[in-house]
Amino acid sequence: MRLVALLLTLAAPPALAQVEWAPLPAALEAAEAQDRPALVYVQAAWCGPCRRLERETFADPAVQDRLRRFTRARLTVDDRDRQHRVDAWRLSEAEWAAHYGAEATPTLVFLAPDGTVLGRQFGFLPSSGLLPILDTALAAAAPAPPEGETRR
């Protein structure tokens with residue numbers, strides 16, 4: 001019996017590392033405090049491409065490495081009950097998703113540390129398509145070099 005259990009354990013695929021998502025206010029506060037960009041992932045429980053993005057793309061170690069450079073929040077596009085307060089605004093997750101221009105699921109919204117929207121990505125992307133977008137968002141959110149110096 002133990003041998004069978006051991007063989008099943010060895011044959012099982014490795015567990016996928018999960019991306020940790022913070023509530024929206026915490027992610028935005030951390031982005032500003034740490035001078036890091038924020039990523040807001042807008043999804044829905046019924047969204048097949050969202051599950052595929054989580055299962056395939058977010059599980060890629062290179063994508064996870066890039067995602068660690070962002071503060072991260074997840075919103076559910078059709079959640080009208082859970083409220084988040086950011087500054088003077090208190091909106092449901094669905095209202096925040098609309099505020100950030102999420103017209104479909106999944107949507108990734110990239111924010112500068114001050115909350116300015118840098119861009120949006122709609123729909124499923126494999127890691128090979130998402131990595132350059134993450135790199136572009138990171139570069140766009142990087143502070144400008146002092147006058148007379150160039151970015152490396």
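Note that the coordinates shown come from a computational prediction; the quantities given were computed from them, not determined experimentally.
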> What's the shortest heavy-atom distance between A137 and L118, and which atoms?
Replying inline: O-CD1, 3.9 Å

> Would you say L24 and V77 are hydrophobically clustered, going by side-chain heavy atoms of ILVMFWY under 4.5 Å?
Replying inline: yes

> Just by modelled atom types, is the A22 backbone N or O under 3.5 Å from a matching donor or acceptor in the R74 side chain?
Replying inline: no

> Out of curiosity, R66 CZ to I133 CD1, how far, rounded to the nearest 0.5 Å?
Replying inline: 12.5 Å

>> Suppose clustering is done on Ile, Leu, Val, Met, Phe, Trp and Tyr with side-chain heavy atoms closer than 4.5 Å. Which residues sit in the same group as F122?
In response: none

> Where the side chain of T136 meets the backbone of P132, is there a donor-acceptor pair that is under 3.5 Å apart?
Replying inline: yes

> Checking side-chain contact (heavy atoms from CB on, under 4.5 Å) for the pair Y41/V19: CA distance, chi angles, key distance, verdict?
Replying inline: CA-CA 11 Å; Y41 169 43; V19 175; over 6 Å; no

> Does any non-hydrogen side-chain atom of Q83 lie less than 4.5 Å from one of E93?
Replying inline: no

> Is there a path of hydrophobic side-chain contacts, each under 4.5 Å between heavy atoms of I, L, V, M, F, W or Y residues, that connects W21 with V42?
Replying inline: no

> side-chain contact (heavy atoms from CB on, under 4.5 Å) between D79 and D81: does it pass, once the steps are laid out?
Replying inline: CA-CA 6 Å; D79 187 339; D81 296 325; 3.7 Å; yes

>> Quick one, E56 with F124, criterion side-chain contact (heavy atoms from CB on, under 4.5 Å). Give me CA distance, side-chain angles, the key distance, then yes/no.
In response: CA-CA 10 Å; E56 296 175 22; F124 170 80; 3.7 Å; yes

> Are L53 and L75 co-members of a hydrophobic cluster defined by side-chain heavy atoms under 4.5 Å apart?
Replying inline: no

> Is there side-chain contact between Q43 and T76, with at least one heavy-atom pair below 4.5 Å?
Replying inline: yes

> Excluding sequence neighbours, so at least two apart, what forms side chain to side chain donor-acceptor pair (under 3.5 Å) with Q121?
Replying inline: none

>> Checking Q34 against T71: is there a side-chain donor and acceptor pair closer than 3.5 Å?
In response: no

>> Under a 3.5 Å distance rule, please check whether R36 uses its side chain to pair with a backbone N or O of R68 as donor and acceptor.
In response: yes

> Is it true that L91 and V117 fall in one hydrophobic cluster, defined by side-chain heavy atoms closer than 4.5 Å?
Replying inline: yes

> So do E20 and R72 actually touch side chain to side chain, heavy atoms under 4.5 Å?
Replying inline: yes

> Taking all non-hydrogen atoms of both residues, which atom of S127 and which atom of D60 are closest, and how far apart?
Replying inline: OG-OD2, 3.0 Å

> Can you list every pair that meets side chain to side chain donor-acceptor pair (under 3.5 Å) and has a residue in residues 96-111, with sequence neighbours left out?
Replying inline: none

>> Is there a side-chain contact between E32 and P113 in this structure, where contact means two heavy atoms from C-beta onward sitting under 4.5 Å apart?
In response: no

> Is a side-chain N or O of E54 found less than 3.5 angstrom from the main chain of R51, in a donor-acceptor match?
Replying inline: no

> Passes side-chain contact (heavy atoms from CB on, under 4.5 Å), L108 versus F110? Steps please.
Replying inline: CA-CA 6 Å; L108 301 175; F110 300 94; 4.0 Å; yes

>> Can you tell me how far apart CG (L131) and CG (D65) are? Round to the nearest 0.5 Å.
In response: 9.0 Å

> Considering all heavy atoms of both residues, which atom of S92 and which atom of R80 are nearest to each other, and what is their separation?
Replying inline: CB-O, 3.5 Å

>> Check for me, please, whether L39 and L130 land in the same ILVMFWY cluster - side-chain distances under 4.5 Å, paths through other members count.
In response: yes

> Does the side chain of V40 come within less than 4.5 Å of L111's, by heavy atoms?
Replying inline: yes

